Amino acid sequence: GRKITPLSNQQFQDIENQKAVYPFPLQQKAWLGLLFWEEGEQDQAFIWFLQFPLDEFGLLQLAARDAFLIELLEQTGKNIQAKQKGDRVLDGLNESPFAFKPREDRLAMFHALANKTLGLDASRYYDSVRDYLSGDMGFDQWRFLGLQGIADVVARLDNDNNALLLAGAIREMPDAPLESFAHALEHVRPSGGLFAALLKRFKKALEADDERMLIALLRALSGADSGAERLRFIHAALDASFSTPGEIELLATISGRCWKDLESPQLLECFIEKLAFQDQTVFNAIVADLMMMPNMREAILKAMRHPGRSENTREKLGVFLQGLKG
């Protein structure tokens, strides 16, 4: 959904039993990557990517879960019969309305994190990306880098001195490869020298009014623990002037990757004021999506009641609330 984030078996069970809301909803759905393997055969693991609708409170819709299980049982029965007849066994998930295929960069990162979790080796592209980060071949030689290699390095920041290696390279690498590394970094927690290097490039992008790089680096910084420092830069980014498309992407990045920061009342009020300059459809979609996040519904309703909000924001909120009642 918003990021690749592990769920414990207990969390998964509580979500399925409707004892807990799904913690990372996107577009009112739960997005799951399920990893299966036989004991001792981790290298033969396989993956299901599934998405299920959530109700207005963020709980799993059990009717959809049951429909998937019925579909799965029917396909399993067909495959058993096919195997007995010597026919080809089909993957029923390919046609399932509950299945989805992640974007290429997300898929690469999922595989990288899964391999690390299972104690498996990184891909064959890992060493070539590390060679690039060393700078020996020149940072302009980035076109041969593969997404899987970038994902493997980011997934293993605590191995092979990768965090230090990447921190040093971030100061020098061109925007194109930096953007790819930034998109991978949103799924981990950059800290120390790596966090500092990302902040320096963020400041540079802010000074240059480089909205594309600013948004990419905000994604990279979104998982870091230094929340107070990130809050200041999100405020600065919101204050910067972008074109309308750039503003929409910035706002979507903040709500989609930095939602924890919006628990700050001051930042949330600033965010809603900025969002109110967008089309009503965009405003409604982003606010509705945010309200699905745990702890955000009450925070947003409180921000709506803030006496200092502008007339423009008041009008947008009024239309949004009318839609909720309807």
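Only a predicted model underlies this, so the values are computations on that prediction, with no experimental measurement involved.
- In terms of heavy atoms, Leu165 sits closest to Ser134 at CD1-CA, 4.0 Å.
- Connection of Leu317 to Met291 is established within a shared hydrophobic cluster, with ILVMFWY side chains joined at heavy-atom distances below 4.5 Å, either directly or through further cluster members.
- Checked by atom type and distance alone, the side chain of Gln61 pairs as donor or acceptor with a backbone atom of Leu54 at under 3.5 Å.
- The shortest non-hydrogen separation linking Asp279 to Lys316 is C-CE, 4.1 Å.
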Just distance, no hydrogens or angles: give the donor-acceptor pairs under 3.5 Å from side chains in residues 37-45, sequence neighbours left out.
none

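- Taken together through direct or relayed side-chain contacts under 4.5 Å among Ile, Leu, Val, Met, Phe, Trp and Tyr, Leu251 and Phe277 form parts of separate hydrophobic clusters.
- With a 4.5 Å cut-off on side-chain heavy atoms, Gln278 and Ile286 do not count as touching.
- Between Met304 and Val287, some side-chain heavy-atom pair lies under the 4.5 Å cut-off.
- Between Glu273 and Arg309 there is no salt bridge, since no side-chain nitrogen of the basic residue lies less than 4.0 Å from a carboxylate oxygen of the acidic one.
- Counting only distance, with no hydrogens or angles, the side chain of Gln28 and the backbone of Asp55 share no donor-acceptor pair below 3.5 Å.
- The 12-atom threshold is not exceeded at CZ of Phe57, counting heavy atoms of other residues, nucleotides or ligands nearer than 6.0 Å.
- Side chain of Asp261 to backbone of Leu231: no donor-acceptor contact under 3.5 angstrom is found.
- Hydrophobic clustering places Met109 together with Leu32 (ILVMFWY residues linked when any side-chain heavy atoms are closer than 4.5 Å, directly or through intermediates).
- A 4.5 Å side-chain heavy-atom check between Leu185 and Leu194 finds at least one atom pair inside the cut-off.
- Around CZ of Phe202, the count of heavy atoms belonging to other residues, nucleotides or ligands within 6.0 Å exceeds 12.
- In this structure a side-chain-to-backbone donor-acceptor pair under 3.5 Å is missing from His187 to Lys3.
- Annotation: Asp140, atom CG; neighbour count of heavy atoms from other residues, nucleotides and ligands within 6.0 Å is above 12.
- Proximity of Thr117 to Pro6: side-chain heavy atoms (C-beta onward) are nowhere separated by under 4.5 Å.
- Counting only heavy atoms from C-beta outward, the side chains of Glu311 and Arg314 approach each other to under 4.5 Å.
- Linking Ile, Leu, Val, Met, Phe, Trp and Tyr residues whenever their side-chain heavy atoms come within less than 4.5 Å places Leu301 and Met292 in a single cluster.
- A chain of hydrophobic side-chain contacts below 4.5 Å, direct or via other Ile, Leu, Val, Met, Phe, Trp or Tyr residues, connects Leu214 to Leu275.
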Task: Test log, rule side-chain contact (heavy atoms from CB on, under 4.5 Å), inputs Thr313 and Ile272 - done: CA-CA 7 Å; Thr313 302; Ile272 290 176; 3.7 Å; yes
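- Contact between Arg2 and Asp289 at its shortest, heavy atoms only, is NH2-OD2, 2.7 Å.
- Applying ring pair (Phe, Tyr, Trp, His ring centres under 6.0 Å) to Phe98 and the options Trp31, Phe52, Phe49 leaves one that passes, Phe52.
- When atom types are taken as modelled, the side chain of Tyr22 and the backbone of Phe12 share no donor-acceptor pair closer than 3.5 angstrom.
- In terms of heavy-atom proximity, Ala182 sits nearest to Ala216 at CB-O, 3.3 Å.
- Judged by distance alone, the side chain of Lys29 and the main-chain N or O of Pro53 form no donor-acceptor pair under 3.5 Å.
- When all heavy atoms are compared, the tightest approach of Phe68 to Leu50 is CZ-CD1, 3.6 Å.
- A salt bridge is absent between Glu207 and Lys204: the closest approach of a Lys/Arg side-chain nitrogen to an acidic carboxylate oxygen does not fall below 4.0 angstrom.
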TODO: Go through Leu221 and Phe195 one step at a time and tell me if the side-chain contact (heavy atoms from CB on, under 4.5 Å) criterion holds.
DONE: CA-CA 7 Å; Leu221 291 163; Phe195 179 74; 3.5 Å; yes
Open item on the list: Under the criterion side-chain contact (heavy atoms from CB on, under 4.5 Å), I'd like the reasoning laid out for Phe271 against Ile234: C-alpha separation, chi angles, the key distance, then a yes or no.
Closed with: CA-CA 9 Å; Phe271 175 83; Ile234 294 174; over 6 Å; no
Open item on the list: Would Asn312 and Ser310 count as a side-chain hydrogen bond (donor to acceptor under 3.5 Å, both in side chains) here? Give the steps.
Closed with: CA-CA 5 Å; Asn312 181 45; Ser310 67; 5.1 Å; no
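- Judged by distance alone, the side chain of Gln51 and the main-chain N or O of Pro97 form a donor-acceptor pair under 3.5 Å.
- Members clustered with Leu59: Val21, by chain and number, using a 4.5 Å side-chain heavy-atom cutoff among hydrophobic residues.
- A side-chain donor-acceptor contact under 3.5 Å links Asn17 to the backbone of Gln13.
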TODO: Applying salt bridge (Lys or Arg N to Asp or Glu O under 4.0 Å), run through Glu186 and Arg106 and close with a yes or a no.
DONE: CA-CA 10 Å; Glu186 72 182 12; Arg106 289 271 177 117; 3.4 Å; yes
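- Using bins of under 30°, 30° to 60° and over 60° for the plane-to-plane angle, the ring pair Phe320/Phe283 lands in the perpendicular bin.
- Heavy-atom minimum distance, His306 versus Gly308: ND1-N, 3.0 Å.
- Put simply, the side chain of Arg189 never gets that close to the backbone of Asp225: no donor and acceptor are under 3.5 Å apart.
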Ignoring hydrogens and angles, write down the donor-acceptor pairs under 3.5 Å from the side chains of residues 141-164, residues two or more places apart or on other chains.
{"unit_1": "Gln148", "atom_1": "NE2", "unit_2": "Ala108", "atom_2": "O", "d": "3.0"}
{"unit_1": "Gln148", "atom_1": "NE2", "unit_2": "Asp152", "atom_2": "OD1", "d": "3.3"}
{"unit_1": "Asp152", "atom_1": "OD2", "unit_2": "Ser123", "atom_2": "N", "d": "3.1"}
{"unit_1": "Asp152", "atom_1": "OD2", "unit_2": "Ser123", "atom_2": "OG", "d": "2.5"}
{"unit_1": "Arg156", "atom_1": "NH2", "unit_2": "Leu120", "atom_2": "O", "d": "2.9"}
{"unit_1": "Asp158", "atom_1": "OD1", "unit_2": "Lys116", "atom_2": "NZ", "d": "2.8"}
{"unit_1": "Asp158", "atom_1": "OD2", "unit_2": "Lys116", "atom_2": "NZ", "d": "3.3"}
{"unit_1": "Asp160", "atom_1": "OD2", "unit_2": "Tyr126", "atom_2": "OH", "d": "2.5"}
{"unit_1": "Asn162", "atom_1": "OD1", "unit_2": "Arg130", "atom_2": "NE", "d": "2.6"}
{"unit_1": "Asn162", "atom_1": "ND2", "unit_2": "Tyr126", "atom_2": "OH", "d": "2.8"}
{"unit_1": "Asn162", "atom_1": "ND2", "unit_2": "Arg156", "atom_2": "O", "d": "2.9"}
{"unit_1": "Asn162", "atom_1": "ND2", "unit_2": "Asn159", "atom_2": "O", "d": "3.0"}

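- Between Glu71 and Ser96, some side-chain heavy-atom pair lies under the 4.5 Å cut-off.
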Open item on the list: Set out, in order, the CA-CA distance, both residues' side-chain angles and the distance that settles side-chain contact (heavy atoms from CB on, under 4.5 Å) for Asp121 and Asn115, then state yes or no.
Closed with: CA-CA 7 Å; Asp121 291 337; Asn115 282 344; over 6 Å; no
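- Arg201 and Asp175 are joined by a salt bridge, as a carboxylate oxygen and a charged side-chain nitrogen come within less than 4.0 angstrom of each other.
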